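Below is one structure, written out as structure tokens; comments come after it.
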Protein chains: 2
Amino acid sequence: MKNNKEVVHCIVDYGFKRVGGKYKGRILWVLRDSVLRYGELKRAIVGVTPKMLTQTLRELEVDELVSRKVYLEVPPKVEYALTKSGQELIPFIEQLRIWAKNQMEQKNITVNSL
Amino acid sequence: MKNNKEVVHCIVDYGFKRVGGKYKGRILWVLRDSVLRYGELKRAIVGVTPKMLTQTLRELEVDELVSRKVYLEVPPKVEYALTKSGQELIPFIEQLRIWAKNQMEQKNITVNSL
DNA sequence: CTGAATCCTAAGCGATACTG
DNA sequence: CAGTATCGCTTAGGATTCAG
């Protein structure tokens, strides 16, 4: 049993808690313009384990940033998409991305391509 | 000795890593329009311990989001301020804050006032 | 006043195996 | 295909004390 009492100190705090953690930002970003299946997400988010992917998707679902649609087929098919709230987050992630891009160029940092 | 090899999977990942952690967002936000001394920051960021405050400020310094100015006086006086890169981050935090405010209103969430 | 040092806990995360 | 279950590690973070 998990104790879900989250202490929110201010509005900014609340906002960062929604998109914090190791994978949330990347997941929201890859879902920005396409609905993706579980396996597609798994391949897109390099390095994520099934456990963490599922866990993170559940949290995003609870916060209503991502929706989950199950197709009753064999083999199973599940699609993930941004909700309206999730989409509203994209422009701001885009800003962060532009900022990050500039920083990385200034500091000559390159992306780790496993 | 700490191993500083940070694995960056993509640009968005890099961006979130710069502002991630429990206090970075709040610190950047309170510094948005004022230069603050260590003690003032301590009072502003409710619940932070000196260890975490110092540690977080050091990380922000290394990333060059915050500058540290020491006055050689007795008693000591140290001022923290946003750098140019840090200031460039404010619009994005502001957007996130607006988004969070809407979310909290929709969900009837209130801020924890210790 | 502005921290540093130490010790400790919790939780986030990883690896692996298994299933309807 | 889309997940669970289990175990174990690592590290972020907390509590407290001390110091220039």
Side-chain angles (χ1 to χ4, degrees), chain A residues 1-9 13 16-27 31 35-63 66-81 112 114, chain B residues 1-9 13 16-27 31 35-63 66-81 112 114:
Chain A
M1 208 64 102
K2 185 183 170 187
N3 183 6
N4 274 329
K5 292 297 175 195
E6 182 188 62
V7 178
V8 176
H9 289 284
D13 194 29
F16 274 104
K17 283 198 161 84
R18 303 278 74 67
V19 294
K22 194 165 182 181
Y23 301 104
K24 283 185 181 173
R26 287 164 73 191
I27 290 176
L31 286 176
V35 175
L36 292 180
R37 297 179 59 172
Y38 183 88
E40 295 174 322
L41 269 171
K42 180 100 173 49
R43 280 185 293 279
I45 312 295
V46 176
V48 74
T49 60
K51 176 194 160 184
M52 283 313 296
L53 181 56
T54 302
Q55 179 179 310
T56 307
L57 286 169
R58 292 290 173 275
E59 291 172 12
L60 291 171
E61 262 189 271
V62 169
D63 290 339
V66 161
S67 65
R68 179 172 182 269
K69 184 173 181 183
V70 181
Y71 293 84
L72 294 178
E73 305 173 355
V74 177
K77 172 178 172 183
V78 180
E79 286 182 347
Y80 292 91
N112 190 302
L114 291 175
Chain B
M1 211 61 106
K2 185 183 170 188
N3 184 6
N4 275 328
K5 291 298 173 193
E6 181 189 60
V7 178
V8 176
H9 289 282
D13 194 30
F16 274 105
K17 284 199 161 85
R18 303 279 73 67
V19 295
K22 195 166 181 180
Y23 301 104
K24 282 185 182 174
R26 288 165 72 192
I27 290 176
L31 287 176
V35 175
L36 291 181
R37 296 180 59 173
Y38 183 86
E40 295 174 320
L41 270 172
K42 181 100 172 51
R43 279 185 294 278
I45 312 295
V46 176
V48 73
T49 60
K51 177 195 160 184
M52 284 312 295
L53 180 56
T54 302
Q55 180 179 308
T56 307
L57 286 168
R58 293 288 173 278
E59 292 173 12
L60 291 171
E61 263 188 88
V62 169
D63 289 339
V66 161
S67 64
R68 179 172 181 268
K69 183 173 183 184
V70 182
Y71 293 84
L72 293 178
E73 306 173 356
V74 178
K77 173 179 172 181
V78 180
E79 285 182 346
Y80 293 90
N112 190 302
L114 288 177

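Order of the sequence lines fixes the chain letters, A, B, ..., with proteins taken first and strands second; residue numbering starts at 1 for each chain. The shown structure was predicted, so the numbers you read here are calculated from the model rather than taken from an experiment.
The minimum heavy-atom distance between A:Thr56 and A:Met52, with the atom names listed, is OG1-O, 2.6 Å. The nearest pair of heavy atoms linking B:Tyr80 to B:Leu57 is CZ-CD1, 3.6 Å.
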Base-contact (B) and sugar-phosphate-only (S) positions in nucleotides 15-20 of chain D, heavy-atom cut-off under 4.0 Å, - elsewhere: B----B
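For D:dC1, neither phosphate oxygen OP1 nor OP2 lies less than 4.0 angstrom from any side-chain nitrogen or oxygen of A:Tyr80. Side-chain N/O atoms of B:Tyr23 include one lying less than 4.0 angstrom from OP1 or OP2 on D:dG14. Dashed line: the shortest gap from a side-chain N or O of B:Lys22 to OP1 or OP2 of D:dG14 is under 4.0 Å. Applying the 4.0 Å criterion to OP1 and OP2 of C:dC1, one finds that B:Arg37 has every side-chain N and O outside that range.
Atom CG of A:Leu53 is separated from atom P of C:dC13 by 13 Å (rounded to the nearest Å). A straight line from CD of B:Gln55 to P of C:dC7 spans 17 Å, rounded to a whole angstrom. As rounded to whole Å, 12 Å separates atom P of D:dG13 from atom NE2 of A:His9. We find that CZ of B:Arg43 is positioned 15 Å from C1' of C:dG3, with the value rounded to whole Å. What separates CD1 of B:Ile45 from P of C:dT2 is a distance of 15 Å, to the nearest Å. Nucleotide D:dG3 holds its P atom 13 Å from the CG atom of A:Leu36, rounded to whole Å. Residue B:Lys24 contributes atom NZ, which lies 13 Å from atom C1' of D:dG13 at whole-angstrom precision. With rounding to whole Å, B:Met52 atom CE is found 14 Å from C:dA11 atom C1'.
Relative to the side chain of B:Arg58, the nucleotides D:dG3, C:dA4, C:dG14 differ in distance, and C:dA4 lies closest.
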Could you list the donor-acceptor pairs under 3.5 angstrom formed by side chains in residues 17-25 of chain B, with sequence neighbours left out?
residue : atom : partner : partner atom : Å
B:Lys17 : NZ   : B:Val7  : O            : 3.2
B:Lys17 : NZ   : B:Asp13 : OD1          : 3.3
B:Lys17 : NZ   : B:Asp13 : OD2          : 3.0
B:Arg18 : NE   : B:Asp63 : OD1          : 3.4
B:Arg18 : NE   : B:Asp63 : OD2          : 3.0
B:Arg18 : NH1  : B:Tyr14 : O            : 3.4
B:Arg18 : NH2  : B:Glu6  : OE2          : 3.0
B:Lys24 : NZ   : B:Glu59 : OE1          : 3.2

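Counting any heavy atom pair closer than 4.0 Å across all strands shown, B:Tyr71 reaches no nucleic acid atom.
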Can A:Val46 and A:Arg26 be said to form a side-chain contact (heavy atoms from CB on, under 4.5 Å), step by step? CA-CA 10 Å; A:Val46 176; A:Arg26 287 164 73 191; 4.3 Å; yes
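Atoms CG and CG, on B:Leu41 and B:Leu53 in that order, are 6.0 Å from each other to the nearest 0.5 Å. The CG atom of B:Leu60 sits 13.0 Å away from atom CZ of B:Arg68, with the distance rounded to the nearest 0.5 Å.
Counting only residues at least two apart or in different chains, side-chain hydrogen bond (donor to acceptor under 3.5 Å, both in side chains) contacts with residues 36-45 of chain A comprise A:Tyr38-A:Thr54.
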